[in-house]
Amino acid sequence: KKYTSQKYEKEALLPPIGEEAVEKPRKSSVLLVVLVVFLQSVGFTVVLPSMRYYIDDLGGTFLMYGFVVASYSVGQFLGSPVFGYWSVHRPVREALVVSLLITSAANVVYSFVGYMPQPVWMCLIARFFVGFGAGNVAVCRAYASEATDFHNKASTMAKLSGSQGIGFVLGPGIGFLLSFINFKIGPVVDVNQYTAPGYISGFIGFLATLVVFIKFKEIRTHEERQEASTEKPTHSELVPIVVSIFLFFVVISVFAVFETVTTQLTLDQYGWNVSANGLFLLGVGVVSVAVFIVASMPFVKKHQDRHLLIIGFIIQTVGLVLIVVWQWPFWHHTHLNLAQFIVGAVLIGIGYPLSSSFMYAIYSKVLNPRFQGTKMGWLTAGGSLARMLGPLWATFAYNTGGTELLFLSTAGLVMLATLVTIIFYRKLVPHPDYNVAAIT
């Protein structure tokens, strides 16, 4: 299978990513955006094992905890199209540096809110700006997609998705390790299990900003950025774009619901603390990382992205059903068997990376091969909307109807996504400008 369009012949002849796919400056920049995605993922999850308890310590409620978790996603929802648009019309490095500075500063503020008036609300505001800066994930996805030829997009986007997955995994693991920290730096800086995640994230973020500023290389000229302002999606392009964003919304919703309610669920069912939750999430995350690694391997290219997406949805559905405390109609339980919970969580840990990796790959292909920044911003905004609504729904549904209402409704949403994928199966194919033969 080769490109037949002369317009993209030069891009098509680039060797595969990871095998001298791009010239050295571009390759190093792809690695940099992978690093940025990793750091933003860590920034989202490193606080999760301790945030529930941090909000309690600041005087907040479980419902307020849901709002604080969601505020990150509100920020990313707004920041994604902003930085995506910025990266198309201005240098990509500029968008990355500004967004990283915002995220890093907000992470430090998160750890200082205990010294401020209205600390819970200040915590919410800090997490909002952490999320706003994390809108640069759209920029990273667009850059990686544009720097990769068609036949290697799936593996490249799997690598990018894998870096995000590893960040999601190591975040709770780092949070677990930081739960043992408790010391002061001077009279003001109190470093403990609640504040250490913010300080660490801020420090690493500032270092990453410096590296991006020095090492990142652009792949587009000023003239090409000007040309991008005239490109608009056609009606035929909008259908697969909208369907893909909905499917991605569902993928991220599962993760958001599971991550949000896990600490409260394990506290209620097993009496777990910060350290236990961090260790458990780390274990589930290791499974996800293994799946991400497999998804990026060359042999996976032999399989249809859409088939693997559907398999991921089915696995997640089974996992969600397993972590329900069944009170009706099968049997009356008020306790969730630990083995049942672990198996369900592991299945979610397998299904999520499968679905997310191949959803990225599908979306990067349905878009026009060039100038994907703004449209990648739409996808990231869809994921942010899921992370915004997911925590709110999780806290409300869990308080109202327990695991039955929460996880069965989420499983129903995943089943709907599976059906939508089947209905629009032949719409989720590469953009005509790729002009690749025999893709369906």
For this session: Show your reasoning for whether side chain to side chain contact (heavy atoms under 4.5 Å, CB included) applies to Leu405 and Trp393.
Result: CA-CA 10 Å; Leu405 175 60; Trp393 171 246; 4.3 Å; yes

Problem set entry | Worked check of side chain to side chain contact (heavy atoms under 4.5 Å, CB included) between Thr421 and Leu247 | CA-CA 8 Å; Thr421 305; Leu247 296 177; 3.5 Å; yes

Exercise. Yes or no on side chain to side chain contact (heavy atoms under 4.5 Å, CB included) for Phe213 and Leu101, after CA distance, side-chain angles and deciding distance?
Worked result: CA-CA 11 Å; Phe213 182 77; Leu101 285 174; over 6 Å; no

Exercise. Met359 and Phe313: side chain to side chain contact (heavy atoms under 4.5 Å, CB included), yes or no, with the steps?
Worked result: CA-CA 11 Å; Met359 196 61 253; Phe313 280 146; 5.6 Å; no

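Dense packing is recorded around CE of Met64, with more than 12 heavy atoms of other residues, nucleotides or ligands lying under 6.0 Å away. Within 6.0 Å of OH in Tyr270 there are more than 12 heavy atoms belonging to other residues, nucleotides or ligands. Taking a 6.0 Å sphere around CZ of Phe396, one finds it holds 12 or fewer heavy atoms contributed by other residues, nucleotides or ligands.
Ile245 places a side-chain heavy atom less than 4.5 Å from the side chain of Tyr363. Side-chain contact check for Ile314 versus Ile310: some heavy-atom pair is nearer than 4.5 Å. Taking the side chain as every heavy atom from C-beta outward, Tyr398 and Thr403 approach each other to under 4.5 Å. You'll find the side chain of Val139 stays beyond 4.5 Å of the side chain of Val33, heavy atoms only. Annotation: side chain of Leu389 is not in contact with side chain of Ser73 (no heavy-atom distance under 4.5 Å). Contact of the Val47 side chain with the Tyr72 side chain is not registered, since no non-hydrogen atoms from C-beta on lie closer than 4.5 Å. When side chains are defined from C-beta on, Asp57 counts as touching Tyr194, because their heavy atoms get closer than 4.5 Å. By the 4.5 Å heavy-atom criterion applied to side chains, Leu35 and Leu39 are counted as neighbours.
In plain terms, the two heavy atoms of Val92 and Ser87 that are nearest each other are CG2-O, 3.7 Å. The heavy-atom pair separating Leu320 from Phe407 by the smallest distance is O-CB, 3.6 Å. Residues Pro391 and Ala386 come closest through the heavy atom pair CD-O, 4.0 Å. The nearest pair of heavy atoms linking Thr209 to Ser104 is OG1-OG, 4.4 Å. Closest of all the heavy-atom pairs between Gly383 and Ile252 is O-CG2, 3.4 Å. The shortest non-hydrogen separation linking Leu32 to Val212 is CD1-CA, 4.4 Å.
Proximity of the aromatic rings of Phe112 and Tyr199 is defined here by a centroid distance below 6.0 angstrom, and this criterion is met. Annotation: Phe216 is in aromatic contact with Tyr143 [ring centroid separation under 6.0 Å].
Taking the six-membered ring where the residue is Trp, Phe280 and Phe341 present parallel rings, their angle staying beneath 30° rather than reaching 60°. Taking the six-membered ring for Trp and thresholds of 30 and 60 degrees, Trp86 and Phe83 have nearly parallel ring planes, at less than 30 degrees apart.
Of the possible polar contacts, one joining the Thr266 side chain to the Thr263 backbone as a donor-acceptor pair under 3.5 Å is found. In this structure, the side chain of Thr395 engages the main chain of Leu392 through a donor-acceptor pair within 3.5 Å.
Judged by the 6.0 Å distance and 45° axis criteria, Arg306 is not positioned over the aromatic ring of Phe358.
Contacts of Asp56 classified as salt bridge (Lys or Arg N to Asp or Glu O under 4.0 Å), with partners at least two apart in sequence or in another chain: Arg52. Val42 is linked by a side chain to side chain contact (heavy atoms under 4.5 Å, CB included) to Phe38, Val46, Ile174, counting only residues two or more places apart in sequence or in another chain.
Residues in residues 120-138 take part in these side-chain hydrogen bond (donor to acceptor under 3.5 Å, both in side chains) pairs, two or more places apart or across chains: Gln40-Asn136, Ser99-Asn136.
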